[in-house]
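In what follows, chains carry the letters A, B, and so on, assigned in the order in which the sequence lines appear, proteins first and then strands, with residues in each chain numbered from 1. Reckoned from all heavy atoms, side chains included, excluding hydrogens, waters and symmetry mates.
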Protein chains: 2
Amino acid sequence: MPDAKAKTAPTRAAYHHGDLRAQLISAVRSLVETHGPDGFSVAEAARRAGVSSAAPYKHFKDRAEILRGVCSEAMDRLRAEMEAGAGRYPEGSAEAVAAVGLAYVTFAKTEPGVFRLVFGLTEGHENAPDLQSKGEGCFGVVVGAVAAHQRLSPDDPQVLYRAYILWTFVHGHSFLTIDNKVSVASAQIDDWSYLLTVSRAILTQPSAGQPTSGAGIG
Amino acid sequence: MPDAKAKTAPTRAAYHHGDLRAQLISAVRSLVETHGPDGFSVAEAARRAGVSSAAPYKHFKDRAEILRGVCSEAMDRLRAEMEAGAGRYPEGSAEAVAAVGLAYVTFAKTEPGVFRLVFGLTEGHENAPDLQSKGEGCFGVVVGAVAAHQRLSPDDPQVLYRAYILWTFVHGHSFLTIDNKVSVASAQIDDWSYLLTVSRAILTQPSAGQPTSGAGIG
DNA sequence: CACATATGTAAGAATCACTCACATTAAAGA
DNA sequence: TCTTTAATGTGAGTGATTCTTACATATGTG
């Protein structure tokens, strides 16, 4: 076996544990999912990765930095799924816009703990420019889909405004769904038809939501 | 001083500390506001109330139960402000509906930490029927305003559906606002005109959001 | 092969949630 | 009024947690 010491050997590497960083993030993700965003401990994550409780601090400065790592990884996945959703329908169609929203809601339903972590907590997110830019990237997917539908530039205020309304809407629906607040409305919502209906309404409303006297967009 | 031992003396009572329960909730509320929903400790709250670190456990079973107490108190205030908002405009007007939303958003902006606690965490909320019912009470305010506007019964599916859409919007907008995500949309949103515009759109849309073939409301 | 660097461990300090035995007070009955 | 009882608070202690420090071990480069 000439490649016994392959530098990038992914699994069961040497003694120095392959790459702990990724394994820790994975462990924390699973912990956040099962025990909630707050019910996770660095010690338990280390235990699951089979290392001492001091090892994580060689890769992360902080408990908060681990969380930020999980957020970052999750936002990458979220964006990928939003883009995949849009790509499943003709560019510029209302379906493409709704599909972006469906990806968002589906992510929230699939990984509610991580979703809450990403959008609920603000522990150490202030000083995290990469998270900020990844958030903007996700929003950019919405903007892109809306711009394609309206045949306008992504910088157009109308596009940004409608995209924001859509985002607001999808975000709120996601939260209320995973909090089981939907049942409160005694409504059984089918996500796809719901999102499609609302997307169409927002996209086609005459000069939808154009706020009075330019107060809306600065 | 004949009333030196007045039974209901609210302030600076005896040695048994007046009523610790309320004071603890207040201390926790302030801690949650300044240090975030997770950055609070029972010990610190006890310290602020001037009691030993074991005292809180005479009033609350759990750390989670303290949080639930804060949530409960906060939801009472939220509902009161939503009702006050609606009462500021003629019953049945779109302004009344928007005012309910504005109260919601204002609450989130005024007490972002508590807002996140109420709607973000799910630590021990499952087994909290009182919180559940208080949440339904808040939604009921929205439903009431919408029903008045539509001149329909609060049980009407159309009313519930529109109320849910409105709630979704306002909830999402609140979260994105306190997370500073609004700036991402390069939008400077004036809450009142935004809410009024969106409320009018949702309230007046022909058969707004009536989902295809009854899939929306069960 | 030496040596700098990355990565791990072990032990410990400080804090926290929570418990238990005990002290003090308020309220209710004899 | 005196005694009893339940409510409320304290002090000390347990086990777990985060994070630090000093030290051990592996990797790769000259």
Among C:dA21, D:dT18, C:dG8, the nucleotide that comes nearest once only the side chain of A:Leu20 is considered: C:dG8
Show the distances under 3.5 angstrom between N or O atoms of the protein and N or O atoms of nucleotides 12-15 of chain C.
none

Minimum heavy-atom distance B:Phe119-A:Asp179, with the two atoms named: O-OD2, 2.8 Å
First encountered from the 5' end of DNA chain D, between B:Ala54 and A:Tyr57: B:Ala54
Pair A:Ser30-A:Arg48, side-chain donor/acceptor within less than 3.5 Å: yes
Distance-only polar pair, side chains of B:His173 and B:Tyr104, donor-acceptor under 3.5 Å: no
Nearest-angstrom distance from the residue atom CG of B:Asp38 to C1' of D:dT18: 14 Å
Nearest-nucleotide 5' precedence on DNA chain C, B:Lys58 against B:Asp62: B:Asp62
Distance test, side-chain N/O of B:His59 to OP1/OP2 of D:dG9, below 4.0 Å: yes
Nearest atoms (heavy-atom pairs only) where B:Val118 meets B:Met75: CG1-CG, 3.8 Å
Length of the CZ-C1' vector between B:Phe60 and D:dG9, whole Å: 15 Å
Options D:dT10, C:dT7, C:dC16, nucleotide nearest the side-chain atoms of B:Ala43: C:dC16
Atom-pair distance (CG on B:Leu24; P on D:dT8), nearest Å: 12 Å
Length of the line joining A:Leu67:CG and D:dT18:P, which is rounded to integer Å: 11 Å
Note, A:Arg68 side chain near A:Phe60 side chain (heavy atom, < 4.5 Å): no
Atom pair distance, as rounded to whole Å: CG in A:Asp19 and C1' in C:dA6: 14 Å
With B:Ala148 via side-chain contact (heavy atoms from CB on, under 4.5 Å) - residues at least two apart: B:Glu91
